[in-house]
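Beneath this line is the structure, given in structure tokens, with notes to follow.
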Amino acid sequence: MGLLRYLVVVLLSVLHFVHGFVRNNHAHHGSLGPWINAHATFYGGGDASGTMGGACGYGNLYSQGYGVSTAALSTALFDNGLSCGACFELKCVNDPQWCLPGSIVVTATNFCPPGGWCDPPNHHFDLSQPIFQHIAQYRAGIVPVTYRRVRCRRSGGIRFTVNGHSYFNLVLITNVGGAGDVHSVSIKGSTTRWQPMSRNWGQNWQSNSYLNGQSLSFLVTTSNGHSVVSYNVAPASWSFGQTYTGGQF
């Protein structure tokens with residue numbers, strides 16, 4: 001039995017090395033914060049086509065897996081882009097004429113610029129039209145809501161899309177579970193040490209090192225201090241414009 005237990009430990013270690021492992025992965029299920037009052041509107045049209053792109057840099061929200069369950073956040077919530085990827089549960093409240101029962105969970109994918117309801121210090125969610133209509137009638141236009149941070153549940157691993165060129169590696173990080181909002185990233189080539197990346201905009205992180213021809217590893221840390229190390233996510237033959245999948249929270 002001792003030998004069998006040893007072999008199991010070795011096998012798990014290898015799997016973690018290849019696919020990434022979690023540091024400080026204390027179990028967080030459901031709510032990550034209290035209910036807070038806010039308001040919600042909608043944008044982007046009935047097919048949510050107007051929500052594509054956005055200030056988080058995610059591009060096509062369908063192909064990235066976020067779909068129509070998305071929101072643009074007001075200045076008070078957006079935190080200059082650090083809230084990108086965070087998940088919120090919303091319920092329509094205190095307006096029986098327009099509210100519908102139930103709640104929705106949305107991912108922060110865009111910024112709602114100041115002007116009207118999105119002015120500081122308002123807590124405001126500009127939802128995609130299809131997801132808005134899950135909690136309120138279309139004709140309402142704007143409704144009072146209550147919201148809370150919740151754990152993001154993603155399918156598959158964290159995705160790293162490597163853009164840019166030699167000496168300017170711009171990595172878009174998507175599909176992040178757990179807290180969802182990435183606050184720091186480090187990168188390591190197979191022949192280099194760990195190096196912190198700087199946030200360029202949204203969830204695009206940059207490194208000015210020459211990493212061509214090296215396999216790439218990433219250390220991703222979210223706002224709650226939890227980290228995932230994804231070793232050798234991109235092989236030495238990686239190329240710009242490609243997406244690679246690592247570990248997950």
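Positions are given from 1, in the same order as the sequence printed here.
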> Out of Val162, Asn204, Thr243, Asn200, which one pairs with Leu172 under the side-chain contact (heavy atoms from CB on, under 4.5 Å) rule?
Replying inline: Asn204
> With a 4.5 Å heavy-atom cut-off, do Val220 and Ser230 have their side chains touching?
Replying inline: no
> Does atom CG of Asn80 have more than 12 heavy-atom neighbours, drawn from other residues, nucleotides or ligands, at distances under 6.0 Å?
Replying inline: no
> Judged by atom type as modelled, is there a donor-acceptor pair below 3.5 Å linking the side chain of Ser83 to the main-chain atoms of Leu77?
Replying inline: yes
>> Checking the side chain of Gln137 only, and the main-chain atoms of Gln97 only, is there a donor and an acceptor separated by less than 3.5 Å?
In response: yes
> Going by distance alone, is a donor N or O of one side chain under 3.5 Å from an acceptor N or O of the other, for Thr41 and Asp126?
Replying inline: yes
> To the nearest 0.5 Å, how far apart are CZ in Phe249 and SG in Cys152?
Replying inline: 10.5 Å
> If you draw the axis of the six-membered ring of Tyr244, does the NZ or CZ of Arg159 fall within 45° of it and under 6.0 Å from the ring centre?
Replying inline: no
>> Regarding Ser103 and Arg148, do their side chains bring together a donor and an acceptor under 3.5 Å, going by distance alone?
In response: no
> Shared ILVMFWY cluster between Val176 and Tyr58, side chains joined below 4.5 angstrom?
Replying inline: no
>> Let's go through Cys56 and Phe111 carefully: what are the C-alpha distance in whole Å and the side-chain angles of both, what is the deciding distance for side chain to side chain contact (heavy atoms under 4.5 Å, CB included) to 0.1 Å, and is it a yes or a no?
In response: CA-CA 8 Å; Cys56 292; Phe111 174 56; over 6 Å; no
> Hey, any chance Val228 and Leu216 share a hydrophobic cluster, counting ILVMFWY side chains that come within less than 4.5 Å of each other, even indirectly?
Replying inline: yes
>> Is any side-chain heavy atom of Val106 closer than 4.5 Å to one of Leu90?
In response: yes
> Linking I/L/V/M/F/W/Y whenever their side-chain heavy atoms sit closer than 4.5 Å, directly or via other members, would Phe42 and Phe78 fall into one cluster?
Replying inline: yes
> What distance do Asn163 atom CG and Gln242 atom CD have between them, rounded to the nearest 0.5 Å?
Replying inline: 10.0 Å
> Are Val171 and Phe240 linked, directly or through other ILVMFWY residues, by side chains that come within less than 4.5 angstrom of each other?
Replying inline: yes
> Taking C-beta and beyond as the side chain, do Glu89 and Trp35 meet within less than 4.5 Å on heavy atoms?
Replying inline: yes
> Are Leu100 and Phe88 in one and the same hydrophobic cluster, where Ile, Leu, Val, Met, Phe, Trp and Tyr link if side-chain heavy atoms are under 4.5 Å apart?
Replying inline: no
> Does Gln206 use its side chain to pair, donor to acceptor, with the backbone of Leu170 at less than 3.5 Å?
Replying inline: no
> side chain to side chain contact (heavy atoms under 4.5 Å, CB included) between Ile142 and His124: does it pass, once the steps are laid out?
Replying inline: CA-CA 10 Å; Ile142 181 170; His124 191 86; 4.0 Å; yes
> Which atom names give the shortest non-hydrogen contact between Asn175 and Tyr66, and what distance separates them?
Replying inline: N-OH, 2.9 Å
>> Can you tell me how far apart CZ (Arg149) and CD1 (Ile36) are? Round to the nearest 0.5 Å.
In response: 10.0 Å
>> Do Val182 and Trp205 have side chains that approach each other closer than 4.5 Å (heavy atoms only, starting at C-beta)?
In response: yes
>> Under the criterion side chain to side chain contact (heavy atoms under 4.5 Å, CB included), I'd like the reasoning laid out for Leu73 against Phe125: C-alpha separation, chi angles, the key distance, then a yes or no.
In response: CA-CA 5 Å; Leu73 305 184; Phe125 294 83; 3.6 Å; yes
>> Nearest 0.5 Å, please: how far is CD1 in Ile173 from CZ in Phe160?
In response: 5.5 Å
> How far does CD1 of Ile131 sit from OG1 of Thr107, to the nearest 0.5 angstrom?
Replying inline: 10.0 Å
> Is the count of non-hydrogen atoms from other residues, nucleotides or ligands lying under 6.0 Å from Tyr138 atom OH greater than 12?
Replying inline: no
> Do Leu211 and Thr192 come within less than 4.5 Å of each other through their side chains, counting heavy atoms only?
Replying inline: yes
> So do the side chains of Phe168 and Asn208 get within less than 4.5 Å of each other, counting heavy atoms only?
Replying inline: yes
> Any donor-acceptor pair under 3.5 Å linking the side chain of Asn37 with the backbone of Pro144?
Replying inline: no
> Heavy atoms, side chains only, cut-off 4.5 Å: are Met52 and Leu61 in contact?
Replying inline: yes
>> I'd like to know whether His134 forms a side chain to side chain contact (heavy atoms under 4.5 Å, CB included) with Leu127, so could you lay out the CA-CA distance, the side-chain angles of the two residues, the decisive distance to 0.1 Å, and finally the verdict.
In response: CA-CA 11 Å; His134 280 272; Leu127 305 170; over 6 Å; no
> Got a donor-acceptor contact below 3.5 angstrom from the Gln248 side chain to the Gly177 backbone?
Replying inline: yes
> Could you give the distance from CG (Asp119) to OG (Ser74), rounded to the nearest 0.5 Å?
Replying inline: 9.5 Å
>> Restricting to non-hydrogen atoms, name the atom on Ser69 and the atom on Val105 that form the minimum distance, rounded to 0.1 Å.
In response: CB-O, 3.6 Å
> Taking C-beta and beyond as the side chain, do Arg199 and Leu82 meet within less than 4.5 Å on heavy atoms?
Replying inline: yes
